[in-house]
Every structure is written in structure tokens, then in C-alpha cells.
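Below is one structure, written out as C-alpha cells; the observations come after it.
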Amino acid sequence: MKITRIETFAVPPRWLFCRVETDDGLIGWGEPVVEGRTEAVRGAVEALSELLIGEDPRQIERHWQRMTKGGFYRGGPVLSSAVAGLDQALWDILGKSLDVPVHVLLGGAVRDRVRVYGWIGGDDPAQVADAALAQAESGLTAVKMNATGRWDPFAPASGVDAAVARAEAVRVATGADFGLGLDFHGRVGPADARRLLRALEPVAPLFVEEPVLPEFGAQLQALVAGTTIPLATGERLYERLSFQAPLEAGVAVVQPDLSHAGGISESRRIAALAEMYGALFAPHCPLGPIALAACLQVDFTTPNFLIQEQSIGMHYNTGGAQLLDYVVDTAPFEFRDGYIERWQGAGLGVQVDEQAVRAADARSHTWRNPIWEHPDGSFAEW
């Protein structure tokens, strides 16, 4: 079996898919994307394709090593995301060639279903409470929301109070056992993160995500020591070695993105590393159906898995397309009591609607994340 063609498709709202075709007709799909940097990742996939065309797609680890280490300059979000999508597609082909799900190839399932959560938006307590109840009515048992909007370098007490009020509104609306993840999104500086974490403790979040920017990782140990809230991080870390310091600092949850952090191959190694520190695995995935399918295959096999992010109905998914628009059969993505049941389809287990993908690529997209400013005109973290 040889790889004969690799294509990419930029599809709304902000995703990039890749299609890997073989000479015997098998096709693998992956999702290589850096949101807001689609063009750059597309170029990286094209460059890496030179290492794959004419090769046997089933030699996945060999290809992963060559794609990640074959250049003198390595790493970074663009290259590792290109590798991630191609790696997903190769696992998809391997599973299809053997007529088994990827989770069988990874050693077999350790669970029958995967707990998932959804996103909620809204700027005031009433909005987030209503949105959380709507997600609960859709069948979910957990949600995540941004803890804050734009955050001043040192926020006034009213800013802390407003963040707490929004979280409290969700907790009151949904009850004590409903899962509530809060995402600081790297917007909050280390000093204010300490203040905000302490103020949020009575709400009992499931976790607080990215309490500070990844470059402030040296602050994580103090933040862990100063709060009872489990801290999570990892969506902007791209290989296993970058997770070692946060794990040593005591983070409770690692959140690699399988479309950024080297795909299935590297993310399952990150999960194993986290297990050595007693940390849990909750992949970041505000993306499309292929990325979610890849996450689920790893989740099924990971002993220290916690919960899976997914983007159905997510507020970022504007532009006339949603996750389910690109799959032939939506049934595998249905929630039952907050869970997705284990898939048995070959490969990644998702049947991509190629006609819909090609039509969407013809429209394409130029999504960019917002650029925020403080009241004085200086840059603010989004």
C-alpha cells in the first residue's frame, strides 16, 4: 500500500481538514489546524507531504519521527498541527485496512463511553445560567465557559465580583453535581489569578483552565499550592516534554489538543506521562468532527481520562457551518446522559461527507481571532 495523494480543505467556520489517499482506494482523514493560521498550516502539510507520497501509510511511528525530526528547525504550533492532522489520517487508514477501530490498535478500550462537555457563552449571569440549562437539557452533564472577558492588568474588585457572579449563576441553576469548567484563557496575570482562584473556590469548579499564559509556567506551582481548585493546562503545549514542568508543578489535568500536539501518536504519550504524576487527561477540542473522533479513540483507551471537550453548538462556530454538517452519519456523536458511547466503526469511526467538504472548501474561510485592547489602547490578551 502506498500514499498517492494528500489534499487539504479549509472549511467554515475555522477548520482545516486533510485527506490522504492510497493506491488501493483507502482514504484517511485528519484535522490539521491552528485556528486563525489556516494558510500557514496548509503550507506545512504540503511540505510534509513530500515525506509521505509513495510511502506505506501503515508505518505510522516511522512517519511521525521523520515529520517531527526531519527538519533542522523543529516544533511550534504550525508544524506540530500539520503533523497532527497527517498522523490522524494515517491511523484512520491503518484502522480501515484492518477493519478495526483505532482504539483497538491502541491496546483496546478501558471504558464503554466517554463523558463530554459543551461550551456556553453570555456576558451576564442570566445568560450563562440559561445557556447552561439548555446544555443540560440537550443531554450534557458538564459545561465550560470563559471565566472573564477582557481583563485589565490589575482588575478592580468589581471585575473579580463579576466573574464570581457568573460562575455562581451557573452553579445555582444546575446544582452542586453538575460539572463546571472555567477557562481563564491566559487573560489573567499571575497576581490576579491568585485573587480570582481564591474567590471562585466556593463555586467548586470542575477545573480552572489556563490560569496563566503558558510562558508563565513557573508560576503554576505557587498557584497550585494556593488553591483547592484543580488546575488544567496544555492546549498551547505541543509535545510531551513541555508537559513535564506543569506536571511537576502539580497541575491536576492536562489538555493537549490532538490537532495541535502531534496527533494521536504524541497525545497518547502525553496521557501516559500525566498518569505517572497522578494527573488526568481531558483533551482540548473546540474543533471539527475529525479532531473529535481522534480524541474519542484515545479517550476510549486512556485509564486516566477525565472528560472530553466538543464544539457542537459552540459560540465560536459562526459562519454557516457546524460540526455535524461534515459527517454522513451523525448518530455516533449523540449524547446519552452526558456521554458518547464507544464507537465500533473502522479507523477513526467517522464517515466524512466529502461532497460537503469540497463544497465548503470552495467557500473557504479567513477566520482570525479578535484583537483586543485595554482602554488605553494597549494590547489585551484574548
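None of the values given here were measured: they were computed from a predicted structure.
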*Given side-chain contact (heavy atoms from CB on, under 4.5 Å), test T141 with F335 step by step and report yes or no.*
CA-CA 10 Å; T141 63; F335 316 133; over 6 Å; no
*Run the numbers on E239 and R74 for salt bridge (Lys or Arg N to Asp or Glu O under 4.0 Å), then give the verdict.*
CA-CA 11 Å; E239 40 81 30; R74 304 174 181 177; over 6 Å; no
*Transitive ILVMFWY side-chain link V116 to L348, under 4.5 Å*: yes
_Once rounded to the nearest 0.5 Å, what's the spacing between atom CG of L324 and atom CG of D353?_
12.0 Å
*Spell out, yes or no, whether L206 and F178 are grouped together once hydrophobic residues are joined by side-chain heavy atoms under 4.5 Å, including indirect joins.*
no
*Which pairs with one or both residues in residues 18-40 pass ring-ring contact (aromatic ring centres under 6.0 Å, His included), sequence neighbours excluded?*
F9-W29
*Counting N and O atoms only, with roles assigned by atom type, does the side chain of Q310 sit under 3.5 Å from a partner on the main chain of I312, one being a donor and the other an acceptor?*
yes
*Could you tell me whether a side-chain N or O of H365 sits under 3.5 Å from a main-chain N or O of A10, the two making a donor and an acceptor?*
no
*Supply the atom-to-atom distance I290 CD1 to E31 CD, rounded to the nearest 0.5 angstrom.*
5.5 Å
*So, does R113 use its side chain to make a donor-acceptor pair with the main chain of I340 at under 3.5 Å?*
no
*Going through the checks in order, is the side-chain contact (heavy atoms from CB on, under 4.5 Å) test met by L292 and Q308?*
CA-CA 9 Å; L292 178 56; Q308 178 61 59; 3.9 Å; yes
*Any donor-acceptor pair under 3.5 Å linking the side chain of R19 with the backbone of I27?*
no
Donor-acceptor contacts, no H, no angles, side chain residues 216-224, under 3.5 Å, sequence neighbours left out:
none

*Output yes when R42 and E39 qualify as a salt bridge under the 4.0 Å nitrogen-oxygen rule, no when they do not.*
no
*Hey, are R358 and E354 close enough for a salt bridge, meaning a charged N less than 4.0 Å from a carboxylate O?*
yes
_With no hydrogens and no angle check, just 3.5 Å: does a side-chain donor-acceptor pair link W343 and Q297?_
no
*Under the side chain to side chain donor-acceptor pair (under 3.5 Å) criterion, do H260 and E35 qualify, and how do the steps go?*
CA-CA 10 Å; H260 300 328; E35 303 92 301; 3.0 Å; yes
*To the nearest 0.5 Å, how far apart are CD in E341 and CG in D337?*
8.5 Å
*Measuring from T4:OG1 to E21:CD, what's the distance to the nearest 0.5 Å?*
4.5 Å
_Path from F207 to V170 over hydrophobic side-chain contacts below 4.5 Å_ = no
_Test of understanding: clusters of I, L, V, M, F, W, Y form through side-chain heavy atoms closer than 4.5 Å, transitively. Do V327 and V357 belong to the same one?_
yes
*Using a strict cut-off of less than 4.0 Å between a Lys/Arg side-chain nitrogen and an Asp/Glu carboxylate oxygen, indicate whether R269 and E61 qualify as a salt bridge.*
yes
*Where the side chain of T301 meets the backbone of H103, is there a donor-acceptor pair that is under 3.5 Å apart?*
no
_Please report the interatomic distance CG(L258) to CD1(I264), rounded to the nearest 0.5 Å._
6.5 Å
